[in-house]
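Chain naming here is simple, since letters A, B, ... match the order of the sequence lines and numbering starts at 1 in each.
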Protein chains: 2
Amino acid sequence: MTGLREERRGSLRLQDVAEAAGVSIATASRSLSGASGVSESVAERVRDVARSLGYVANVHARSLAAGTSRSVGLVVHEIGDPYFSEIASGVLHVAAPAGLTVQICHSGRDPERELEQIRTLVASRVGAIIVAGSGFVDPAVQAGAKADLQAFRAHGGRVAVIGRHHLGVDAVLPDNRAGGRAVAEHLLGLGHRRIAVVTGSRMLTTVADRLAGVEEAVTAAGLRFADVPVVEAEFTRQGGKQAAEQIIAEHPDVTAVLALNDDMAIGVLSVLRSRGVPVPESVSVVGFDDVAVAQDLAPSLTTVRLPMVEMGEKALQLALADPSARPRRRRVGHELVVRDSTAPPPA
Amino acid sequence: MTGLREERRGSLRLQDVAEAAGVSIATASRSLSGASGVSESVAERVRDVARSLGYVANVHARSLAAGTSRSVGLVVHEIGDPYFSEIASGVLHVAAPAGLTVQICHSGRDPERELEQIRTLVASRVGAIIVAGSGFVDPAVQAGAKADLQAFRAHGGRVAVIGRHHLGVDAVLPDNRAGGRAVAEHLLGLGHRRIAVVTGSRMLTTVADRLAGVEEAVTAAGLRFADVPVVEAEFTRQGGKQAAEQIIAEHPDVTAVLALNDDMAIGVLSVLRSRGVPVPESVSVVGFDDVAVAQDLAPSLTTVRLPMVEMGEKALQLALADPSARPRRRRVGHELVVRDSTAPPPA
DNA sequence: TTGAAAGCGCTAACAG
DNA sequence: CTGTTAGCGCTTTCAA
C-alpha cells in the first residue's frame, strides 16, 4: 500500500508522478526540471500528470542531490528598520519572479552575529548571499566573514553586498561621501555656520563615508571641521533623541543639525518639537536616506535620497549575474531632496 | 584523497568530524544534535572537534533525513510596509534564539499569490508557516489556502496566522473591532458628528472588522451609519491621499477623518497639509496600528496601537508550542493613543 | 531518448 | 553507550 507511505510524509514523491505517467523516475526528473534529452511529448505528459496530482518537489532532496538550492540569503541589521525593509522589498521583488525563496536574518550591527548568520546561510546551501548592512571601518573585524564568504564563492556560491565592505565581492555602492557633501553644502549654502552632526558609530563605513563628505564640504567652506561638534549615539531614532538632548545641553548655539540617517533625524525633530524649538525657524534639520515617511513628517525632512528598493534589486541581480573574476561595483545615485526642515539660520 | 571531495562540495561532512574524533558517524550525529545516548565525555569531544574544524551541518541532508526542517515561513503582504516589517521583526526575534531560519515571501494582498507562496513553503518543508496580513471576507477566496494549510498541519507542520479567521488554525488576533469602536468613540466624544471614514478594500477582514467597530460606536451615539461617508481606496499611503482628495471634493463639511490604518492616515495628513487645512483645528485625523513613525509626524497621529512586534513573536510562539487539537486564539490588546491630530471640531 | 543505479549528507532504527 | 545500515527524495552519470 502506497497510501501509508504517503501519509507518513505527507506528499507525493517523484516516483508517484513517474508511475502515474508510466515513465521512469529519471525521465520524470528530467521532464520536470526542463532538462534536455526527453522527447517533448513525454515531457509534456509528465508535467500534466504532475500538475494534476499537485506534485511539488521536495526542496531538500533536490538541493542535496544537486548541491545547490534556489534560495538566497539576506543579512540585514534589523528588518524593522525602514532602510532595511525597503532593501528587503527590492530583493523580494526580483527573487519571486526568478523562483527564488529568500531567507532573511538579523545581524544586529554585530560582526559576530553577522558571521554567525552567514555561516547559517552557507549551511543552508543558499545559492546567493546578500549582506545589506553597513561594513565596518576596521577590516579585521570582518576577516572571519570575508573568509567564509570567499570560501562560499569558491564553491560556486554568489555574493553581493550593499555599501562599502572589505569583503572583496560584488557590491552595490551608494555614494555616501558625495551625499554627505551635498547635504552639508546645502546647509552651508543657506548660511549656516554653527552646525552639529549627529551620527551612529564611526566604526560603520556608512557613517565614516558620510562624515568624510561632510568634512569636505565644511573644509571647502573655509571652516575647521574640528570645530564642528559631532555627537555619536546609536544609529536609530532613539539615538537621535539622545544626541539631540546632548546638543541642546552642550551646544545651544547651533543653527542646524545634520543627522547621518533619517531615523536619527526623526529623533532629533521629535526632541526639538517637544522642547518647543521651531524647525526650521530656529534650527534646521537634515537627514539621510529618504525613507518613505521623510516626506510626511512635519516639517517634511530635507534629506539625501538613496534608492533603497533599487539597491536591493540591483544587489540580487548582481549576485545572480554571471560570476566575474574580479569584484564588480554598481554605484547608485543619490539626490538631495530639499523639503521644509531647512531654512536660512535665524538672523 | 579526501581533499578533492572537500573541494567539490566545499564543506566537511559529518563523517570528517567522526573520523577526526575517532567515533562512528552515528555517535557524531547524536553528539551534535544533543540527543541522549552518548556519554557526555565523548559528546563533548565530538563537539570540540566539530567546532575546531568549523563544521556546519548540511541543512538539506538533515531535513531530508529527519523529515522536518528548522526553518519557518512567513507570508506578508509587503515587507516594505512598516506594519509587516515590524511583525517580521518580532518573528525574527524569536526565531533566531531558537535556531530557526526564516523564509519571507510576499503575497501582495492577492489570494492567488498567497496560495502560491504557501505551496512553495510547504515544498520547502518548513517546520511552520505564519501567515500575516489580513484575510478575506469571502471564505471561498481562501479555500485553497485553507486546504493546503490543513494538509500541511495534518502532516506535522505548524501553522499560525495573524489577524484572520477563516483558516481554522492557531491565530493571533488583534481586536480590530474594539479598536475601531474606541477610535470612533474618541472622535464622537470630542463632539465630531460629521466624520468620514477612509478605508482599504472591504474584502479584507481587517477592514471589515475595524469598520464594524466604527459602526457600533456611531450607532451607539445615535447617528445613522448610512450617513457616514466611507471612502474606499488602496490600503496604502497613496490610497489615503486619493481618498482625502475625494473627501475634500465631495464632503467638504466633515470635521474628522477616520482612516482605517496609519498608512492611509499619513496620506490624508499629507493632502490636508498641502491644501493648507490645519489639523486638528479644522479637521481631526485618526489612524490605526500605531506604526513607529506615527508619534513623529506633525501633528503626531492619534491612533490605535497594535503591538506588531509582539504579534509576530506571539505568532511564532504559538506555532512552536505543542500542537493542540483545536485552534487556539491569542487576543492581543489594543490601546487608543491620543496625540495631537485630534481636537474638538471647530465651533 | 530512456532507464538503472549510485550517491548527495544526514538521521534513526536496530544490533551489539 | 556505540556502531552498522537502511533509507529520506532527488539528480545525474552510465548503459542500453
Side-chain angles (χ1 to χ4, degrees), chain A residues 2 4-46 50 53 55-71 122-125 127 155-156, chain B residues 2 4-46 50 53 55-71 122-125 127 155-156:
Chain A
T2 324
L4 254 182
R5 137 162 286 147
E6 279 183 34
E7 275 176 42
R8 185 147 59 94
R9 287 298 188 163
S11 38
L12 315 89
R13 293 150 314 163
L14 184 53
Q15 172 146 15
D16 299 320
V17 176
E19 280 171 10
V23 297
S24 75
I25 181 177
T27 299
S29 171
R30 288 192 269 256
S31 304
L32 296 178
S33 70
S36 62
V38 198
S39 70
E40 191 42 47
S41 60
V42 173
E44 184 129 356
R45 179 157 46 88
V46 172
L53 256 42
Y55 170 79
V56 204
N58 181 319
V59 178
H60 299 298
R62 174 174 286 185
S63 302
L64 182 57
T68 64
S69 73
R70 298 207 49 79
S71 76
V122 172
S124 300
R125 302 309 193 264
H155 300 296
Chain B
T2 324
L4 254 183
R5 136 161 287 146
E6 278 183 35
E7 275 174 42
R8 182 148 60 93
R9 288 298 188 159
S11 37
L12 315 88
R13 294 150 313 163
L14 184 55
Q15 172 145 19
D16 299 320
V17 175
E19 278 170 11
V23 297
S24 76
I25 181 177
T27 299
S29 170
R30 287 192 270 257
S31 304
L32 296 177
S33 69
S36 62
V38 198
S39 70
E40 191 44 46
S41 59
V42 174
E44 184 129 356
R45 178 156 47 87
V46 173
L53 255 41
Y55 169 79
V56 203
N58 180 319
V59 179
H60 299 298
R62 175 175 287 187
S63 303
L64 182 57
T68 64
S69 74
R70 301 211 42 84
S71 76
V122 172
S124 299
R125 301 310 194 261
H155 299 297

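- Atom-to-atom, CG of A:L32 to C1' of D:dG9 comes out at 13 Å; the value is rounded to the nearest Å.
- Residues B:R62 and B:A57 come closest through the heavy atom pair NH2-CB, 3.4 Å.
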| note | A correct 5'-to-3' footprint of nucleotides 11-16 of chain D, with B, S and - meaning base, sugar-phosphate only and no protein heavy atom under 4.0 Å, is BBB---

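- Atom C1' of nucleotide C:dC10 and atom CG of B:D16 are separated by 13 Å, given to the nearest angstrom.
- Distance CZ (A:R125) to C1' (C:dG9): 8 Å, rounded to an integer number of Å.
- As rounded to whole Å, 12 Å separates atom C1' of C:dG7 from atom CG of B:L64.
- Fit an axis to the five pairs at each end of the helix from C:dT1-D:dA16 to C:dG16-D:dC1 and the two axes sit 40° apart, to the nearest 10 degrees.
- To the nearest angstrom, P of C:dG3 lies 13 Å from CD of A:E19.
- In terms of heavy-atom proximity, A:L53 sits nearest to A:A20 at CD2-CB, 4.1 Å.
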| said: Quick one, B:V42 with B:V23, criterion side chain to side chain contact (heavy atoms under 4.5 Å, CB included). Give me CA distance, side-chain angles, the key distance, then yes/no. | reply: CA-CA 8 Å; B:V42 174; B:V23 297; 3.9 Å; yes

Listed pairs under 3.5 Å, donor-acceptor, residues 25-34 of chain B side chains, sequence neighbours left out:
from: B:T27; atom 1: OG1; to: B:S24; atom 2: OG; distance (Å): 3.2
from: B:S31; atom 1: OG; to: B:T27; atom 2: O; distance (Å): 2.7
from: B:S33; atom 1: OG; to: B:S29; atom 2: O; distance (Å): 3.2
from: B:S33; atom 1: OG; to: B:R30; atom 2: O; distance (Å): 3.4

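- The closest donor-acceptor contact from the side chain of B:H60 to the backbone of A:S124 lies under 3.5 Å.
- Of the possible donor and acceptor atoms, none in the side chain of A:R125 sits under 3.5 Å from a partner among the backbone N and O of B:N58.
- Atoms CG (B:N58) and P (D:dC8) sit 18 Å apart, rounded to a whole Å.
- Across C:dC10, D:dT4, C:dG3, the shortest atom-to-atom separation from the side chain of B:R13 is found for C:dC10.
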